[in-house]
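Below: one structure, written as structure tokens.
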Number of protein chains: 2
Amino acid sequence: MDDQEVKLLGVWGSCPSKRVEIALKMKGINYEFVAQDLSNKSPELLQYNPVHKKVPVLLHNGKPICESQVILEYIDETWKSGPSILPQDPHARALARFWARFIDDTCFPAIQRIKRSQGDDERERAIDEAMEHLKTLENELKGKKFFGGDEIGLVDIAANFVALWLDVILELVGIKLLTKEKFPRLCDWVDDYLNCSIIKETLPAREDLLDRFRAISRWLAKNNM
Amino acid sequence: MDDQEVKLLGVWGSCPSKRVEIALKMKGINYEFVAQDLSNKSPELLQYNPVHKKVPVLLHNGKPICESQVILEYIDETWKSGPSILPQDPHARALARFWARFIDDTCFPAIQRIKRSQGDDERERAIDEAMEHLKTLENELKGKKFFGGDEIGLVDIAANFVALWLDVILELVGIKLLTKEKFPRLCDWVDDYLNCSIIKETLPAREDLLDRFRAISRWLAKNNM
């Protein structure tokens, strides 16, 4: 499988792009990272993801695959080398898919609502809701090192949002949700996760990401967006 | 596999519940349908889907699986009898997953925005957006009878929303989007799809669904919800 061309259209600070990089590294696949400028979308991005015009896009021998969770399943089905991303048992696979969707469809929008909330009441409600979802994730870690068990899997890769982006996004609005007192298991998971060698070499440093997000926020405010 | 217990917690007029019924029938699996009252959620529903408290929930020998698209993949992986719901080739599988997500994550919210829009401008914008997404689906059907090719597959099952619910939901607010002139392929697909024997015996009749949705709308208005 060495004559294969694997390209990833991605963005340095994008949580979904990083998921795909983690999966490719887990499988030991060489790939070319083609950095995208989302403020001036490339013809390649518009050609290969005409529906959403978003990163990440994986190009495997010229064939595009879009949407990070779809790409993760594609990588697991295509390259049998390296550890499995999804478990083998159908029920365990269903649970992994359920929790990966929970992170994108439920947790991520809740954090966005905190950021966009206006007024103390609205913010308070948004925080309560996000805390409830994090509690749900906290319970899911009972008796486990990773969401995937002893090793990282689909849910852990999807949860890179929780391990890094969540805290950075909330720091921009002066809020801290993930504390050892309230979420001991989730905080231990963050430590263990960020300490895995593949994760460490793939995710950006917290301070660099925070700087980048601050710059984007300033630019958006300056342009009334 | 005859000694297996398969139960579906569902709702008669629910599009996601019907997806699961279609998949079970395609695979020839006997199941018990346990009707749920969402205005008074059963202990069983709360026990087996404590996170979302929603239908459908598939119980296979007592093990719960939630979220319709997750359940469809579970059914396809568990029962190899009957036609495949997902294609075998990893790239074709990724495309099927992409389009199934597009229906739930992009088309469905766009239709909801039309229903909830206030004022002509907001409604006009919501309609334009929904039309654009339907055009995307229309293009995807180029040269194909079904989204899955010659036979129905994951995307067609997910698109039961487009085949029936979309039109009924919009009729409640006096709007018709799916016309032969604007969406000839999509309208042909709706005809072919609703004519498949499994689909015909599973989906509710359009007028019955409309009556039910009208009754729900009246109830919600009466209770200021």
Side-chain angles (χ1 to χ4, degrees), chain A residues 4 20 48-54 56-80 85-109 132-140 154-155, chain B residues 4 20 48-54 56-80 85-109 132-140 154-155:
Chain A
Q4 302 201 48
V20 178
Y48 290 123
N49 191 357
V51 175
H52 299 303
K53 305 171 181 70
K54 290 195 308 191
V57 178
L58 185 75
L59 286 167
H60 183 203
N61 293 331
K63 281 187 185 173
I65 306 107
C66 306
E67 298 277 313
S68 69
Q69 291 198 21
V70 174
I71 300 173
L72 296 181
E73 296 230 24
Y74 176 81
I75 290 171
D76 203 34
E77 290 176 354
T78 302
W79 289 285
K80 299 297 178 191
I85 293 170
L86 277 92
Q88 299 308 305
D89 169 67
H91 190 256
R93 290 167 75 82
L95 288 179
R97 289 180 178 126
F98 174 87
W99 288 112
R101 280 175 180 256
F102 176 75
I103 288 163
D104 277 7
D105 300 346
T106 305
C107 296
F108 177 74
E132 193 190 317
H133 299 323
L134 292 175
K135 202 81 214 164
T136 300
L137 284 181
E138 170 85 4
N139 289 338
E140 182 53 21
L154 181 74
V155 186
Chain B
Q4 301 199 50
V20 177
Y48 291 121
N49 191 356
V51 175
H52 300 302
K53 304 172 182 69
K54 288 196 308 191
V57 178
L58 185 75
L59 288 166
H60 183 200
N61 293 331
K63 281 188 184 172
I65 307 109
C66 306
E67 299 277 313
S68 68
Q69 291 198 22
V70 174
I71 300 172
L72 296 181
E73 296 231 25
Y74 176 80
I75 290 171
D76 204 33
E77 290 177 355
T78 301
W79 290 284
K80 299 296 179 192
I85 293 170
L86 277 93
Q88 298 309 305
D89 169 68
H91 190 255
R93 289 167 75 82
L95 288 179
R97 288 180 179 127
F98 174 87
W99 288 112
R101 280 175 180 256
F102 176 75
I103 289 162
D104 276 7
D105 300 347
T106 306
C107 295
F108 177 73
E132 193 190 317
H133 300 322
L134 291 176
K135 200 82 213 161
T136 301
L137 285 182
E138 170 84 4
N139 289 337
E140 182 52 21
L154 181 74
V155 186

* Are any of the side-chain nitrogens in E73(B) or R97(A) under 4.0 Å away from the carboxylate oxygens of its partner? ->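 Answer for the salt bridge query: yes.
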* Asked: Is E67(B) salt-bridged to R101(A), cutoff N-O under 4.0 Å?
  -> no
* Where do Y74(B) and P90(A) come nearest, in terms of heavy atoms and distance? -> CD1-O, 3.5 Å
* May I ask you to name which of L95(A), V70(A), T136(A) has the most heavy-atom pairs under 4.5 Å with chain B? =>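 The residue among L95(A), V70(A), T136(A) with the greatest pair count is V70(A).
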* Asked: Is the shortest heavy-atom distance from the side chain of H91(B) to the side chain of H60(A) under 4.5 Å?
  -> no
* Can you say whether H52(A) sits under 4.5 Å from chain B via the side chain, the backbone, both, or neither, judging by heavy atoms? ->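 The answer is the side chain of H52(A).
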